[in-house]
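Note that ligands are numbered from 1 as they come in the structure, with each ligand's atoms numbered from 1 the same way.
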Amino acid sequence: MSTNQLDKKSQAWSALFSEPMSELVKRYTASVFFDKRLWKADIQGSLAHADMLAAQGLISADDLAAIQKGMAQITAEIESGQFEWKLDLEDVHLNIEARLTQLVGDAGKRLHTGRSRNDQVATDVRLWLRGEIDEIGVLLTELQKALVDVAEQNADVILPGFTHLQVAQPVAFGHHLLAYVEMFARDAERMIDLRKRVNRLPLGSAALAGTSYPLDRERVARTLGFEAVCQNSLDGVSDRDFAIEFTAAASLLMVHVSRLSEELILWMSQSFGFIDLADRFCTGSSIMPQKKNPDVPELARGKTGRVVGHVMGLITLMKGQPLAYNKDNQEDKEPLFDTVDTLKDTLRIFAEMAAGITVKPEAMERAAKKGYATATDLADYLVKKGLPFRDAHEVVAHAVKDAIAAGADLSELPLDKLKAYNPAIEQDVYEVLSLRGSLNARNILGGTAPEQVRAQVARHRARLG
Ligand code: ARG
């Protein structure tokens with residue numbers, strides 16, 4: 001297409017077309033209003049391509065210089081908000097190319113040698129996503145560090161651990177928080193792993209079959225920092241696995257955020273009263289003056305739905321597509337953009353919110369005392385005195401039943417009463433029945449004893465830097 005033709009693309013793609021696109025079809029098929037976000041990657045990719053074309057003698061050094069100059073001006077125009085994005089030019093690629101040609105003439109028209117928008121867009125999305133993954137990695141580290149700090153401050157604070165949301169055994173609040181650090185550490189690992197598959201270069205695949213020009217794809221890969229070149233042109237232009245993988249990893253990350261949110265919301269409720277969130281993360285009610293609502297974790301729990309939805313959107317986008325590129329793929333961008341935006345905001349806000357949690361140790365401990373949380377400890381005590389575990393389990397079940405009837409905790413039963421369940425029970429049982437005794441006893445790798453929590457804090461600190 002000549003400059004003129006590019007400008008009038010909507011009227012006719014080429015001599016082949018005999019009627020212009022309707023306004024509705026133009027709007028329906030255009031992507032510029034969302035994909036202009038890729039402009040930096042688009043220019044970066046074009047410059048690397050032009051540099052290689054010149055090195056291969058496919059364009060002149062003068063053409064390369066003109067393209068570089070034109071792209072510098074376009075960069076300035078976009079950054080200053082002066083660039084005029086045109087719906088008529090459909091997408092970010094055609095908008096930038098048309099402006100380049102307007103600025104530098106024939107050199108601009110030579111840029112597209114050996115390239116198609118199909119490999120161009122795939123390259124742009126990968127370049128852009130790679131940068132976002134790196135930023136997400138930093139934010140994930142910040143969130144983990146914030147949680148590790150709170151965990152350290154609460155290595156000795158006891159709250160009830162639940163299974164089936166029934167009081168199970170006492171755990172350290174620090175231990176509980178470090179469970180989330182484990183989850184976020186795996187999320188970070190997943191991001192690092194999938195980044196390798198994002199970081200491959202499609203450019204050179206051209207429209208679908210490769211190109212007859214002697215392009216140096218390895219050179220372009222090196223210039224752009226890609227660690228590999230896509231090895232099959234059909235796959236190169238049509239592969240969006242990397243986007244699906246990313247949104248899948250992002251969904252799992254959001255699921256972890258959502259589980260933490262659910263706990264924060266429960267813990268802040270009057271029935272639990274375990275924590276308070278700083279006012280700046282909450283809102284009030286327009287009708288109930290006493291209310292302080294945990295809006296931020298509630299919204300994060302809600303936003304998890306939209307990110308999980310984006311995986312469904314992207315994976316469904318791919319399922320019926322024959323090779324190679326199809327316009328369907330233009331639909332990959334908005335879910336990806338929204339996933340990245342949601343994730344980054346959520347990670348930022350959670351790192352800040354974690355640092356502002358007020359812990360209420362008395363309320364936590366009171367709750368831990370309610371549900372016979374040390375019953376397992378009594379069974380273990382009897383096992384250590386020689387009883388088979390199943391028998392010990394049965395003995396303790398009787399003791400708990402009687403304690404419930406008496407409205408007392410196991411630790412409140414007098415020794416002669418306890419001895420009636422088994423003569424092996426002695427004075428030292430009271431240490432075992434205490435919350436702190438129970439906690440300290442779990443001094444095993446991965447256990448909740450404060451000593452272990454502190455060891456894990458140190459390990460995470462060393463890992464997170
Ligand atoms: N805007 C398009 C996309 O996002 C660019 C590629 C268009 N290629 C084509 N042959 N129509 O996928």
**Q** Any protein N or O within less than 3.5 Å of an N or O in ligand 1? List each pair with its distance, or say none.
**A**
residue: ligand 1; atom: 1 (N); partner: Ser31; partner atom: OG; Å: 3.4
residue: ligand 1; atom: 1 (N); partner: Asp91; partner atom: OD2; Å: 3.0
residue: ligand 1; atom: 1 (N); partner: Gln330; partner atom: OE1; Å: 2.8
residue: ligand 1; atom: 4 (O); partner: Lys333; partner atom: NZ; Å: 2.5
residue: ligand 1; atom: 8 (N); partner: Asn118; partner atom: OD1; Å: 2.9
residue: ligand 1; atom: 10 (N); partner: Asn118; partner atom: OD1; Å: 3.0
residue: ligand 1; atom: 12 (O); partner: Tyr325; partner atom: OH; Å: 2.4

**Q** Suppose the criterion is salt bridge (Lys or Arg N to Asp or Glu O under 4.0 Å): which pairs have a residue in residues 205-226, not counting sequence neighbours?
**A** Asp51-Arg219
**Q** Before you tell me yes or no, could you show the steps for Glu135 and Lys344 under salt bridge (charged side-chain N to carboxylate O under 4.0 Å, His left out), namely the whole-Å CA-CA distance, both residues' side-chain angles and the distance that decides it to 0.1 Å?
**A** CA-CA 8 Å; Glu135 283 183 33; Lys344 284 166 74 179; 2.8 Å; yes
**Q** Is a donor on one side and an acceptor on the other found under 3.5 Å between the side chain of Asn118 and the backbone of Ala207?
**A** yes
**Q** Could you tell me whether a side-chain N or O of Ser205 sits under 3.5 Å from a main-chain N or O of Leu208, the two making a donor and an acceptor?
**A** no
**Q** Which residues pass the side chain to side chain contact (heavy atoms under 4.5 Å, CB included) test with Ile133, sequence neighbours left out?
**A** Leu129, Met191, Leu194, Arg195, Val198, Phe246
**Q** Let me have the donor-acceptor pairs involving side chains of residues 274-281, under 3.5 Å, with sequence neighbours excluded, atom names and distances please.
**A**
residue: Asp276; atom: OD1; partner: Lys292; partner atom: NZ; Å: 3.3
residue: Asp279; atom: OD1; partner: Lys292; partner atom: NZ; Å: 2.7

